[in-house]
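Counting convention: from 1, in listed order, for ligands and their atoms alike. Because the structure is predicted, anything quoted here is derived from the model rather than measured.
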Amino acid sequence: MKKIALLGCTGSIGKQVLQVVERYPDQFKIVSLCCNSNGQLLSEQINKFKPMVAGITNPEGALKIKSLPKQTTLYTGENALLHCVLPEADVIFVAVVGFCGLSAVIQGCKMGKVIALANKEALVAGGEIVMPLAKEHGATIIPVDSEHSAIWQCLGENTNKPFKQILLTASGGALRNTPISELEKVTASDALKHPNWLMGAKITIDCATMMNKGLEVIEAMHLFNCSLDKIKVVIHPQSIIHSMVEYTDNAVIAQLSAPTMDIPIQYALTYPNRKPTSAKQLNFFDLSLTFNQVDTNRYPCFELALAAAKEGGVMPCALSGANEVAVQLFLQGKIKYTQIASYVKFALEKVVNMPVTYQNLVYTDGFARECVMLAFKEKKFD
Ligand code: NDP
Ligand code: MG
């Protein structure tokens, strides 16, 4: 029986992790559940899965939790997340969104755990400290992001295997066919209509701007220990090939499936074994797979991410933090779609690069967020 600590249990990924647990109840047991504010759903999940520990960071959300099974201890407030990184767990499943995942990943590394990692922002900001820490403490990071799971599978689940380059596929997001001149008028609900995937709001907007792909390039650099020039992004609108690895002999290994997170989520838990999932079988006679270059005029956020990746240090952390705030402002209807890139660029210009330490990351993340908020209050880009 594998014991799972699940951080971000009420989100899109978290709920799918619980479906895997329900599919194979004799293989998996939930030992902790944590979310931010959705006390209603957390309460239902606690009563169903009866974890040892539950956590909710927002105390107001906690008011929705009226009763607890006798074996469950509930933590609220900022430290709830870290209370849920339980020593009793075999796997820490990090499915929270945003920078908040970093402290949990660091704690999981220090405990030498297997970390199933969906939260890309943690690696983008802190990969430089997370990866060596995992090595030092014998922790294993299993990628859950579909592209990185695909790359890991193409490497034979061996992240030390030498390769020539990674071909990271991208759908192009919800607005890939919207004329560039019309992007200014795009609303949150337009940008949330992803053609192939159903995901949380923040990542869906990141897919539209392709900030997501930029973050994934940085995530891949850390996970697979490679430089920026070894990663090529390929637009593949059908999202059937989840990524590819090219080897020195020019052989290319790809991983294909219907676009569903069920496979990468479940495989992170069943690895090295495979078990049936809810994924539809591919019918190759129905497929038509196409590939394009990235149109950089359409995706300024992608360019900002590559520039931050090139600069290194705390710049990817600043990029990710500024983007989190800008995306929230856009989702709230407070800024235009095209201003997301303007605010992120503005914050990056203000940040002074520093060596990566946990303190410097926390500082930079906060500073980048503040830059965006101040610029927003001054209506800098209206
Ligand atoms: P959602 O927004 O759907 O869910 C986020 C989860 O994190 C919720 O459970 C939320 O709680 C919780 N959370 C947020 N902040 C905190 C906090 N401070 N403390 C504790 N819990 C917190 O996001 P997704 O599931 O879409 O994405 C999760 C991560 O996985 C992201 O990093 C994303 O980039 C990555 N990812 C997602 C994919 C997808 O298909 N969705 C695909 C690949 C990667 P609450 O509900 O209470 O707010
Ligand atoms: Mg992805």
Can you pull out the closest protein heavy atom to [atom]? Residue, atom name and distance to 0.1 Å, please.
{"atom": "atom 40 (O) of ligand 1", "value": "M199 CG, 3.1 Å"}
{"atom": "atom 33 (C) of ligand 1", "value": "I203 CD1, 3.9 Å"}
{"atom": "atom 35 (C) of ligand 1", "value": "A118 O, 3.2 Å"}
{"atom": "atom 27 (O) of ligand 1", "value": "I13 CG1, 4.2 Å"}

Could you tell me whether [X] and ligand 1 have an N or O pair separated by under 3.5 Å?
{"X": "N36", "result": "yes"}
{"X": "S37", "result": "yes"}
{"X": "E121", "result": "yes"}
{"X": "G11", "result": "yes"}
{"X": "L198", "result": "no"}

* Hey, quick one: are L287 and V252 part of the same hydrophobic cluster, counting side-chain heavy atoms closer than 4.5 Å, chains of contacts allowed? ->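 In one cluster with L287: V252, yes.
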* **Metal-centred angle, the Mg ion (ligand 2) as apex - OE2 of E216, OD1 of D145, 10° resolution** =>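 It comes to 100°.
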* State, to 0.1 Å, how close S171 and S239 come at their nearest heavy-atom pair, and which atoms those are. => CB-OG, 3.5 Å
* In this structure, which one of E324, E216, E147 forms a salt bridge (Lys or Arg N to Asp or Glu O under 4.0 Å) with K120? -> E216
At under 4.0 Å between heavy atoms, is it the side chain or the backbone of [X] that contacts ligand 1, or both, or neither?
{"X": "T10", "result": "both"}
{"X": "V97", "result": "both"}
{"X": "C9", "result": "backbone"}

* Just by distance, do the side chain of K50 and the backbone of N47 share a donor-acceptor pair under 3.5 Å? ->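 Judged by distance alone, yes, a pair lies under 3.5 Å.
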